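First listed ligand is number 1; within each ligand, the first listed atom is number 1. For reference, positions follow the sequence shown, starting with 1. On a predicted model such as this, the values are computed, not experimentally measured, just so you know.
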Amino acid sequence: VIDIGALYKHTGAFTYDPGFTSTASCESKITYIDGDEGVLLHRGYPIEQLAEQGDFLETCYLLLYGELPTAAQKKDFDHRVTHHTMVHEQMSRFFTGFRRDAHPMAVMCGCVGALSAFYHDSTDITDPHQRMVASLRMIAKMPTIAAMAYKYHIGQPFVYPQNHLDYSSNFLRMCFAVPCEEYKVNPVLARAMDRIFILHADHEQNASTSTVRLAGSSGANPFACIAAGIACLWGPAHGGANEAALNMLQEIGSVDKIPEYIARAKDKNDPFRLMGFGHRVYKNYDPRAKIMQKTTHEVLAELGHKDDPLLQVAMELEKIALTDEYFIEKKLYPNIDFYSGITLKAMGFPTTMFTVLFALARTVGWIAQWAEMIEDPQQRIGRPRQLYTGEAKRDYLPISKR
Ligand code: ACO
């Protein structure tokens with residue numbers, strides 16, 4: 001039997017908290033969540049106001065600098081981000097090294113990690129100016145890299161950024177324009193894309209952000225840290241949930257099948273869960289889900305898909321689940337992923353791109369949290385402890401005696 005007291009006698013208080021349900025890993029001034037009330041604030045501003053009244057680059061500025069920009073600051077920031085949208089031409093060869101059928105998230109992990117090889121001039125994390133250059137580079141290049149991953153995946157030539165366009169229009173054009181055909185960005189879809197990016201920009205110490213902070217705590221360069229965040233985000237319990245939610249809605253297929261799936265979600269012997277429902281922190285309606293639902297309606301109306309059967313299934317499923325005792329008792333409400341899949345599908349994105357879009361938008365949150373950690377004088381390398389439950393000390397036996 002291991003003597004836990006003896007093992008940890010030098011550490012003072014010792015807590016065991018799998019899943020970090022009640023342990024803060026840092027102090028932060030960036031994002032506030034009240035999960036019981038369904039409140040999300042960035043630097044004090046409600047997500048509803050940012051999503052309705054601002055644009056994504058304004059939210060980026062707010063997350064990075066702590067204040068909303070003045071008109072002059074915004075113009076300068078937009079210009080600086082735009083200035084960095086191109087990726088090194090050599091990067092295109094890096095893409096073509098992947099198998100054509102690779103998942104775009106696998107390509108993203110590799111390509112973003114490789115940025116430090118292309119931009120090693122901004123990997124000096126001790127220099128605040130270089131930290132900001134790395135941050136701007138990442139926010140600016142992520143749409144270009146995401147669009148390249150998409151184009152490579154579908155076998156079309158890469159489309160270069162056009163920097164007279166706004167951030168989201170530029171991204172849509174890089175994804176959907178094809179050579180020899182005119183492509184005009186639909187402003188309703190561009191606005192919807194921008195709002196989806198705002199909704200995903202930051203969400204305090206979730207799994208991928210904690211991964212970025214932990215990787216960064218060793219002094220690793222920011223490109224490597226963001227690549228680690230992307231890898232973590234890929235999991236179906238995190239960023240992969242919108243893909244899973246859409247697959248589930250497609251599998252349900254029609255409103256009359258909903259009770260069968262609700263019954264499965266409640267059955268303890270069935271591992272099935274209603275994807276897009278429940279959240280570790282929100283025990284109320286996810287405020288982002290409400291804005292997402294509105295955006296879904298706007299996009300489907302613009303594209304003439306108002307009667308999309310998936311939307312009918314989603315709305316009916318939400319209605320039934322919200323009045324069901326099991327879901328009420330466990331405080332399971334739709335999260336942002338419940339409606340985002342339908343919207344992205346209607347906009348023309350394949351499900352394999354959903355998590356890529358999440359990563360693109362979350363990059364600013366990751367980099368703002370990383371920078372906050374680096375600037376914190378209390379910052380130390382992250383080093384969780386454990387409760388050892390293995391063998392007690394024993395002697396090595398030569399192989400002939402085992
Ligand atoms: N459907 C059915 N039952 C559920 C669901 C669900 N979607 N989510 C949780 N429950 C039940 C669990 O079975 C558990 O029941 P029990 O107490 O009887 O054992 C209880 O609710 C608590 O669930 P936990 O898994 O302990 O809650 P946790 O906080 O660890 O998990 C999570 C949160 C991972 C989001 C979970 O709700 C889930 O798996 N949801 C579906 C996946 C999803 O939508 N993920 C997106 C998260 S948001 C994001 O990353 C942007």
Side-chain angles (χ1 to χ4, degrees), residues 17-23 31 33 35-36 38 40 42 47 51 105 195-212 229-252 258-293 295 313-314 317-318 320-344 351 354-366 369:
D17 183 10
F20 299 98
T21 54
S22 46
T23 301
T31 291
I33 302 175
D36 292 328
L40 169 62
H42 292 317
I47 187 67
M105 277 302 274
R195 198 173 287 149
I196 291 171
F197 289 159
I198 295 172
L199 296 181
H200 287 87
D202 191 49
H203 213 226
E204 54 119 301
Q205 308 313 318
N206 54 82
S208 57
T209 303
S210 300
T211 300
V212 169
I230 294 173
C232 175
L233 185 75
W234 195 1
H238 192 6
N242 52 11
E243 187 174 340
L246 184 75
N247 290 340
M248 179 195 74
L249 291 173
Q250 282 169 332
E251 193 185 309
I252 297 175
I258 292 173
E260 182 192 320
Y261 283 83
I262 297 262
R264 283 189 62 195
K266 289 155 63 173
D267 181 354
K268 281 269 141 250
N269 300 316
D270 188 334
F272 174 78
R273 284 184 170 203
L274 274 195
M275 298 312 285
F277 266 79
H279 196 275
R280 171 61 62 81
V281 183
Y282 292 118
K283 300 303 167 196
N284 200 325
Y285 212 103
D286 177 343
R288 302 166 304 166
K290 282 189 195 145
I291 309 165
M292 195 66 240
Q293 190 199 50
T295 306
V313 173
L317 182 63
E318 178 183 345
I320 297 176
L322 289 181
T323 52
D324 187 284
E325 230 171 76
Y326 173 91
F327 289 85
I328 294 170
E329 191 219 316
K330 295 198 183 301
K331 300 189 171 152
L332 298 170
Y333 293 86
N335 58 48
I336 186 171
D337 295 317
F338 189 61
Y339 282 102
S340 60
I342 306 174
T343 321
L344 295 174
T351 49
F354 292 0
T355 320
V356 172
L357 300 178
F358 190 162
L360 187 172
R362 183 54 58 85
T363 296
V364 63
W366 288 331
Q369 300 266 355

- Flag: protein heavy atom within less than 4.0 Å of atom 26 (O) of ligand 1: no
- Message: Less than 6.0 angstrom separating the ring centers of Phe272 and Tyr261, yes or no?
- Response: yes
- Task: Kindly state if atom 38 (C) of ligand 1 has a protein heavy atom within a strict 4.0 Å cut-off, that is, under 4.0 Å?
- Result: yes
- Query: Nearest protein heavy-atom contact for atom 20 (C) of ligand 1: which residue, which atom, what distance?
  - Reply: Lys330 CD, 3.8 Å
- Nearest-option assignment for atom 24 (P) of ligand 1, heavy atoms, candidates Arg273, Arg280, His238: Arg273
- Task: Heavy-atom contacts with Gly276 under 4.0 Å: which atoms of ligand 1 show up? List them by number with element.
- Result: 43 (C), 44 (O)
- For atom 4 (C) of ligand 1, closest protein heavy-atom neighbour: Leu332 CD1, 3.5 Å
- Message: Looking at ligand 1, is there an atom of it that comes within less than 4.0 Å of some heavy atom belonging to Lys268?
- Response: yes
- Do the side chain of Asp337 and the main chain of Gly276 share a donor and acceptor less than 3.5 angstrom apart? no
- Message: Using a 3.5 Å distance criterion without hydrogens, assess whether the side chain of Arg280 forms a donor-acceptor pair with backbone atoms of Gly19.
- Response: yes
- Message: Has Thr363 got a side-chain atom pairing as donor or acceptor with Ala359's backbone, closer than 3.5 angstrom?
- Response: yes
- Message: Looking at His279 and Asp286, would you say the former's side chain and the latter's main chain have a donor-acceptor pair under 3.5 Å?
- Response: no
- Task: State if Tyr326 counts as touching ligand 1 under the rule of any non-hydrogen atom under 4.0 Å.
- Result: yes
- Task: Note the single closest protein heavy atom to atom 49 (C) of ligand 1, along with its residue, its atom name and the distance in Å.
- Result: Asp337 OD2, 3.5 Å
- Message: Just to confirm my output: which protein heavy-atom neighbour is closest to atom 35 (C) of ligand 1, and how far is it?
- Response: Gly278 O, 3.7 Å
- Is it true that a side-chain atom of Ser210 and a backbone atom of Gln205 form a donor plus acceptor pair closer than 3.5 Å? yes
- Query: Which distance, rounded to the nearest 0.5 Å, do you find between the CD1 of Ile230 and the OG1 of Thr211?
  - Reply: 11.5 Å
- Task: Quick one: look at Thr21 and ligand 1, take heavy-atom pairs under 4.0 Å, and tell me if it's side chain, backbone, both or neither.
- Result: neither
- Would you find a donor on one side and an acceptor on the other, under 3.5 Å apart, between the side chain of Asn206 and the backbone of Glu204? yes
- Message: Which residue and atom name correspond to the protein heavy atom nearest atom 1 (N) of ligand 1, and how close is it?
- Response: Leu274 N, 3.1 Å
- protein heavy-atom neighbour closest to atom 42 (C) of ligand 1 works out as Met275 CE, 3.3 Å
- Distance-minimising heavy-atom pair for Leu249 and Leu317: CD2-CD2, 4.1 Å
- Nearest heavy atom to atom 45 (N) of ligand 1: which of Pro18, Ala321, Ala241, Pro271 does it belong to? Ala241
- Item | Nearest non-hydrogen protein atom, atom 40 (N) of ligand 1 | Phe277 O, 2.9 Å
- Taking the side chain from Asn335 and the backbone from Gly278, do they hold a donor-acceptor pair closer than 3.5 Å? yes
